[in-house]
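Here is the structure we will look at, set down as structure tokens.
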Protein chains: 2
Amino acid sequence: MKIIYYRIGDNVYVQPISRKDSMLAITNCKMEKEVQKILAQFKGKQKSLNYYLAGFVDGEGSFSVAIIKTDMQKFGWAINPCFQVYQHEKHREILEVFKFVFQTGTIYRKSGIHPVLNYSINSMRGITEKVIPFFDKYPLIVKGETYQKFREIVFAMQRKEHSTIGGFKRLVDIAYAMNQQGKGRRRTREEIFSTLPELSTRLPDGQASKH
Amino acid sequence: MKIIYYRIGDNVYVQPISRKDSMLAITNCKMEKEVQKILAQFKGKQKSLNYYLAGFVDGEGSFSVAIIKTDMQKFGWAINPCFQVYQHEKHREILEVFKFVFQTGTIYRKSGIHPVLNYSINSMRGITEKVIPFFDKYPLIVKGETYQKFREIVFAMQRKEHSTIGGFKRLVDIAYAMNQQGKGRRRTREEIFSTLPELSTRLPDGQASKH
């Protein structure tokens, strides 16, 4: 157990703190200083920092839309857009800068043997209020097309397009056209489509038909 | 064989061109248009583009100093600094933007199974006149320390430090401290050092001594 002293106005307070908490406080404090140093480099140049970050995302970031099996959603699938930036844990500071600029998101260690950290924004609010306004303003070159598809899916979800079967299928199609045409996905587009009710349309003679 | 027509003033000229050359001309023309489109996005915002490129390099670039066996150099080794940016061949346009901005360097396909392109500047002139002035102005966050070591080696080479054995060893030491402490290098620092003459210093009694 350690003791920390802190001052509020003229009064000095004493508080015991566990070793673990004190180590954590030291680590956080060091990281805070690293981040402050970076932000100081860009002081008065917020736009320049933003262009830098866009460039960094074009290299180390990703825009993805996962289609996840769930009983909680209509049609048995959830559409989950997610913005991520990766970095070796040695350089956590760059992810902290992203977190500072976007004022949302989470940093966590990726599963697997490599010590890679992941900065992630997957809430619809974070994506619509922070991610999209940012990348609409600070353009991507390499990931520009992928970002446009991501953006289209997010806006369509806001309009509740995915609550109709036709809309849902359209969004799955766009998602599967992102990031190397769905390469690396666990399920094929056909596996998802095979679980869905077919689109029903009305024939000219007034009879419903499945196609 | 194809025919191309071109106009100079009021005169129209006709010239035969091979199929291969005409295909190449079409590819180059498409790429040129892609690059022009990107540059147009940043029109009047050269600095913003530069910050973007710095961010991109912090993700997908590298500053390295190879130590290469050669009979052409004093001590039997050459010190070769090199700046590189990698990208999947699908997005060659970003490397062309780098080439346009730096006005030097080469784009080539990396050996190996993956279709990855490499934009590379390895001439001392390109490095001292283009790379270093650029990254002194547009800061790197993740690769900042590696860049500072790269810069130190380049400037020391300009001062011919590597032509003395002490200077040469110092630069090898700095090079081996870059990029994960020489991890991934073909030779250990000790293997290089074992081929070098030892530093000779003068003892107080006037006799030369090896140590």
Side-chain angles (χ1 to χ4, degrees), chain A residues 31 34-62 84-98 100-101 114-117 119 134-147 179-181 183, chain B residues 31 34-62 84-98 100-101 114-117 119 134-147 179-181 183:
Chain A
M31 185 49 64
E34 283 238 40
V35 172
Q36 288 307 327
K37 210 174 110 188
I38 295 165
L39 296 174
Q41 272 191 298
F42 287 94
K43 202 177 167 187
K45 297 191 287 187
Q46 182 64 45
K47 276 193 176 185
S48 301
L49 174 59
N50 293 349
Y51 278 106
Y52 165 91
L53 295 175
F56 194 83
V57 166
D58 234 349
E60 301 280 290
S62 87
Q84 289 174 300
V85 190
Y86 311 100
Q87 194 56 209
H88 193 283
E89 64 178 8
K90 272 191 309 188
H91 291 292
R92 184 187 178 102
E93 67 277 10
I94 181 75
L95 302 185
E96 295 283 356
V97 170
F98 273 101
F100 178 86
V101 169
H114 299 293
V116 172
L117 297 176
Y119 168 65
F134 187 93
F135 292 103
D136 277 358
K137 196 160 175 188
Y138 302 100
L140 297 158
I141 296 175
V142 173
K143 301 198 162 84
E145 276 182 37
T146 300
Y147 167 67
N179 301 317
Q180 302 176 61
Q181 308 294 321
K183 202 176 140 184
Chain B
M31 185 49 63
E34 283 240 39
V35 172
Q36 289 305 330
K37 209 174 113 189
I38 295 165
L39 295 174
Q41 272 192 299
F42 286 95
K43 202 179 167 186
K45 297 192 284 184
Q46 182 64 45
K47 275 192 176 185
S48 302
L49 174 60
N50 294 348
Y51 278 106
Y52 165 91
L53 294 175
F56 194 83
V57 166
D58 234 350
E60 300 281 289
S62 87
Q84 289 172 301
V85 189
Y86 311 100
Q87 193 57 208
H88 193 284
E89 63 179 9
K90 270 191 310 191
H91 291 292
R92 182 187 179 103
E93 67 276 11
I94 180 75
L95 303 185
E96 295 284 355
V97 170
F98 273 100
F100 178 85
V101 169
H114 298 295
V116 172
L117 296 176
Y119 168 64
F134 187 93
F135 292 103
D136 278 359
K137 196 158 176 188
Y138 302 100
L140 298 157
I141 296 175
V142 172
K143 298 199 163 84
E145 276 182 37
T146 298
Y147 168 66
N179 300 318
Q180 302 178 63
Q181 308 294 321
K183 201 175 137 186

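Below, read A as the first sequence line, B as the second, and so on, with proteins coming before strands; counting in each chain starts at 1. Please read all numbers here as calculations on a predicted model, not as lab measurements.
The choice from B/F56, B/Y86, B/Y138 that makes the most heavy-atom pairs within less than 4.5 Å of chain A is B/F56. When each of A/L49, A/I94, A/D58 is scored by its heavy-atom pairs under 4.5 Å with chain B, the top score falls to A/D58.
Distance check: B/Y52 OH to A/Y52 OH gives 12.5 Å after rounding to the nearest 0.5 Å.
Minimum heavy-atom separation, B/G59 to A/E60: O-OE2, 3.2 Å.
Contacts of A/E34 with chain B are absent, with no heavy-atom separation under 4.5 Å from either backbone or side chain. Heavy atoms of A/K37 lying under 4.5 Å from chain B are absent altogether.
Side chains of A/F42 and B/Y51 form a contact here, defined as non-hydrogen atoms less than 4.5 Å apart.
More than 12 non-hydrogen atoms from other residues, nucleotides or ligands lie less than 6.0 angstrom from NZ of B/K45.
For a heavy-atom cut-off of 4.5 Å, chain A lies close to B/I141, B/V142 in residues 140-147 of chain B.
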